Amino acid sequence: MDLQQAAARAEALRREIEGHNHAYYVLDAPTVPDAEYDKLFRELQTLEAEYPELRTADSPTQRVGGKPLPQFAPVRHVVPMLSIRTETDTEPTGARAFDARVRRELGLVETEAAVEYAAELKFDGLAINLRYEDGVLVQAATRGDGETGEDVTQNIRTVRRIPLRLIGAPPPVLEVRGEVFISRPDFERYNDKQRALDRPTLVNPRNGAAGSIRQLDPAMAAERPLSFYAYGLGETRGWELPQTHGGVLDALAVFGLPVCEHRAVVQGAEGLIAFHARMREMRDALPFDIDGVVYKVNSQALQQRLGFVTREPRWAVAHKYPAEEALTTVEAIELQVGRTGAITPVARLAPVFVGGVTVTNATLHNEGEARRKDVRIGDTVIVRRAGDVIPEVVSVLMERRPAGANGEPLHPPFELPKTCPVCSSAVEKPEDEAIARCSGGLFCPAQRKQALLHFAGRRAMDIEGLGDKLVEQLVDHAIVRTPADLYKLGLVKMINLERMAEKSALNILAAVEKSKHTTLARFIFALGIRNVGEATAKDLARHFGKLDALLAADVDSLQQVPDVGPVVAASIMRFFAEPHNVEVIEQLRAAGVKWTEGESAAVVNSPIAGKTFVLTGALPTLTRDEAKDMIEALGGKVAGSVSKKTDYVVAGAEAGSKLDKAQALGVSILDETQFRELIKT
Ligand code: IVH
């Protein structure tokens with residue numbers, strides 16, 4: 001390939017990739033699979049590496065890659081970036097007042113027609129001016145003081161929704177104004193990730209957007225999930241402007257810029273009021289924060305006539321909504337224990353109306369975050385409730401912190417207790433995790449329902465009929481606290497429960513009785529040790545043979561078991577180190593729960609130890625699970641698909657492709673009778 005060919009190919013690739021970017025980020029309608037996109041992108045990167053002279057400013061490969069700056073360069077705006085008057089009356093009267101003002105300024109009398117307005121959303125982020133020359137993004141600047149902003153081109157390039165090159169026939173100079181923001185799902189996802197790593201979170205989406213754009217290191221900005229919507233113009237040259245504001249936005253969308261779909265051209269005050277109300281209804285469902293709507297006189301000619309007062313246009317206003325953040329005080333900090341034992345600090349608040357509801361508590365997420373924000377009892381805090389997310393404490397107004405006579409704060413910093421507030425078991429927080437957990441497991445009432453359901457599950461103790469409704473009642477009526485209590489249930493206690501017929505009570509009691517005879521593997525699995533699933537429970541049972549051997553194991557001997565690494569070993573050690581757990585095990589033994597110990601003995605004499613089976617089709621009398629249990633009890637393995645390593649395929653009615661494959665590979669095929677014959681010892 002010569003330079004000319006390479007240049008043509010690079011150009012074609014850039015166009016194609018930006019086309020896919022537009023479809024993906026702006027239209028939200030991807031046109032190619034990710035792998036195909038990646039292939040094109042890599043081809044362009046390779047070409048540009050070979051011919052560095054082909055690397056243009058609008059190349060999609062140049063979105064990230066800038067170096068950190070010592071500071072931002074100032075940018076003088078050709079057309080000043082003005083601000084907009086805010087109408088804080090959140091009622092319809094706010095819209096009427098604006099319309100009345102516009103009519104008065106235009107000298108319209110009552111009998112004259114309604115003024116036409118473009119109504120749009122007021123995005124809550126950071127205003128940006130994008131300068132395109134011959135369709136290529138050449139500069140991006142913040143608003144600054146309106147006259148001079150900061151050059152943030154490098155960071156803006158990382159925003160995938162902002163095209164580096166416009167499509168269609170853009171004018172030679174086009175400055176587009178709009179808002180950079182972070183969507184709520186992106187914000188939550190980003191913060192969840194940060195929290196999991198015990199790293200600082202973003203305070204709210206608006207600060208997050210502003211902070212990201214004003215990062216000196218573009219690599220940091222690139223990590224932040226930024227979005228953009230265009231809402232206006234700066235300088236333009238060589239363009240015959242559309243006659244209305246609505247027309248301008250339509251044209252920007254045609255050039256490939258993201259323009260929000262929630263906008264309308266409406267007539268008069270009543271049209272504005274209807275739009276305000278409609279968007280207020282939608283506010284919680286929108287994927288981004290808005291603090292109001294914006295009304296603009298639609299006709300460009302009328303806008304010209306209206307002009308400006310000081311730094312604000314007479315032809316526009318922001319009509320606000322009630323705030324999603326409010327001030328209140330912290331009355332207490334309590335701890336919530338979740339179903340998996342996760343401990344979450346929660347601030348109890350003096351009731352406050354925010355985001356359309358009365359909020360009385362807000363999450364502090366975890367110890368790290370509670371301490372970083374340094375929330376204490378008596379503090380005045382900003383709470384935030386946006387959309388239908390759980391209310392949270394954003395920050396503390398330190399200057400309002402109550403102090404004692406000596407000037408010291410009245411309350412100490414938040415500290416996680418050493419023991420669970422519900423069951424007093426030890427609280428555990430692994431070094432590299434943000435979440436602290438109660439180690440009480442089966443014993444902790446907060447975790448009890450979940451633990452009981454797991455214990456009774458089909459692959460665990462298999463107590464038929466013990467579902468979530470029943471567990472709920474048994475725990476709420478304090479009839480059952482630990483799994484051992486299940487074995488003390490009597491008919492009288494049972495039929496006193498709501499909607500419990502004698503027959504079903506008897507069935508459940510029979511199922512409980514039957515579950516007393518189980519296998520060691522099922523019993524270990526039923527305990528609900530964190531990180532010990534069914535397969536690990538089986539490995540542990542096979543390796544240790546007896547429960548007491550497992551109880552006595554240390555970290556090293558645990559790691560002798562296949563697939564047990566340091567994390568699983570530590571979970572097991574923690575579980576058995578908790579006296580409550582050992583107590584429950586003793587109670588279960590005392591209640592008569594028995595398991596076949598020393599399975600390894602059976603396995604030693606087994607004809608199928610170490611053999612691999614595949615089950616397919618419906619067997620006449622055995623269920624899949626029963627056949628699987630029989631095979632595994634004798635040291636065999638069950639695999640999902642047939643390969644050369646398969647020893648036997650057990651086939652029932654309507655066996656499909658697995659049977660064909662077994663025949664093709666010459667694997668032994670058994671029906672149920674032959675299978676039963678084989679495992680007879
Ligand atoms: S128009 C001359 N439209 O609100 C009019 N502004 O003070 C210039 N904003 O920080 C602004 N959504 O970034 C306009 N749909 C919208 C807007 C919007 C949000 C922001 C803008 C500026 C502030 C206005």
Side-chain angles (χ1 to χ4, degrees), residues 77-88 95 98 102 117-130 140-150 152 156 159 161-162 175-183 204-214 226-236 241 244-250 252-253 257-266 272 275-276 279-280 282-283 286-300 302-321 323-324:
H77 299 299
V78 181
V79 176
M81 283 182 84
L82 302 177
S83 71
I84 202 171
R85 220 181 77 88
T86 303
E87 177 57 72
T88 48
F98 170 64
V102 168
Y117 296 102
E120 53 202 51
L121 302 179
K122 184 164 192 299
F123 311 107
D124 205 6
L126 184 73
I128 289 288
N129 184 70
L130 306 175
T142 60
R143 184 174 150 220
D145 63 5
E147 301 289 337
T148 308
E150 291 174 315
V152 290
I156 284 296
V159 182
R161 289 234 285 201
I162 295 180
E175 284 188 1
V176 178
R177 289 181 178 168
E179 198 90 347
V180 170
F181 62 96
I182 298 183
S183 80
N204 59 34
R206 185 193 47 236
N207 290 3
S212 304
I213 287 303
R214 303 199 61 261
L226 297 165
S227 296
F228 175 81
Y229 274 133
Y231 55 62
L233 297 175
E235 191 197 10
T236 65
L241 245 66
T244 61
H245 179 73
V248 167
L249 295 186
D250 292 341
L252 294 182
L257 288 152
V259 176
C260 183
E261 57 176 326
H262 300 296
R263 60 190 169 103
V265 171
V266 302
L272 297 177
F275 184 82
H276 189 258
M279 292 304 126
R280 186 172 177 172
M282 278 194 56
R283 189 185 186 192
L286 288 173
F288 47 85
D289 286 354
I290 55 169
D291 57 355
V293 291
V294 176
Y295 310 138
K296 297 171 183 171
V297 170
N298 200 27
S299 152
Q300 300 277 13
L302 290 186
Q303 284 192 8
Q304 294 258 310
R305 256 177 69 192
L306 285 159
F308 301 84
V309 251
T310 56
R311 316 197 45 75
E312 293 169 354
R314 285 199 191 87
W315 45 264
V317 77
H319 193 187
K320 301 275 264 186
Y321 286 128
E324 292 183 318

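Counting convention: from 1, in listed order, for ligands and their atoms alike. Predicted model only: the values in this text are computed from it and were never measured. Below, all heavy atoms of this structure are taken into account, side chains as well, without hydrogens, waters or symmetry copies.
Residues His77 and Glu175 bring no donor and acceptor atom of their side chains to less than 3.5 Å of each other.
Within the cation-pi definition used here (under 6.0 Å to the ring centroid, within 45° of the axis), Arg263 does not qualify as a partner of Tyr229.
Using a cutoff of 4.0 Å between basic side-chain nitrogens and carboxylate oxygens, Arg177 and Glu235 are not scored as salt-bridged. Between Arg283 and Glu324 there is a salt bridge, since at least one side-chain N of the basic residue sits less than 4.0 Å from a carboxylate O of the acidic one. A salt bridge links Lys320 with Asp291: the distance from a Lys NZ or Arg NE/NH1/NH2 to an Asp or Glu carboxylate oxygen falls below 4.0 Å.
Ring centroids of Tyr117 and Tyr295 are separated by 6.0 Å or more, keeping the two rings apart.
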Between ligand 1 and the protein, give all atom pairs where both partners are nitrogen or oxygen and the distance is under 3.5 Å, as lines of names plus distance to 0.1 Å.
residue, atom, partner, partner atom, Å
ligand 1, 3 (N), Lys296, NZ, 3.0
ligand 1, 4 (O), Lys122, NZ, 3.4
ligand 1, 7 (O), Ile84, N, 3.0
ligand 1, 12 (N), Phe123, N, 3.0
ligand 1, 13 (O), Glu179, OE1, 2.3
ligand 1, 13 (O), Tyr231, OH, 2.7
ligand 1, 15 (N), Glu120, OE2, 2.9
ligand 1, 15 (N), Leu121, O, 2.9

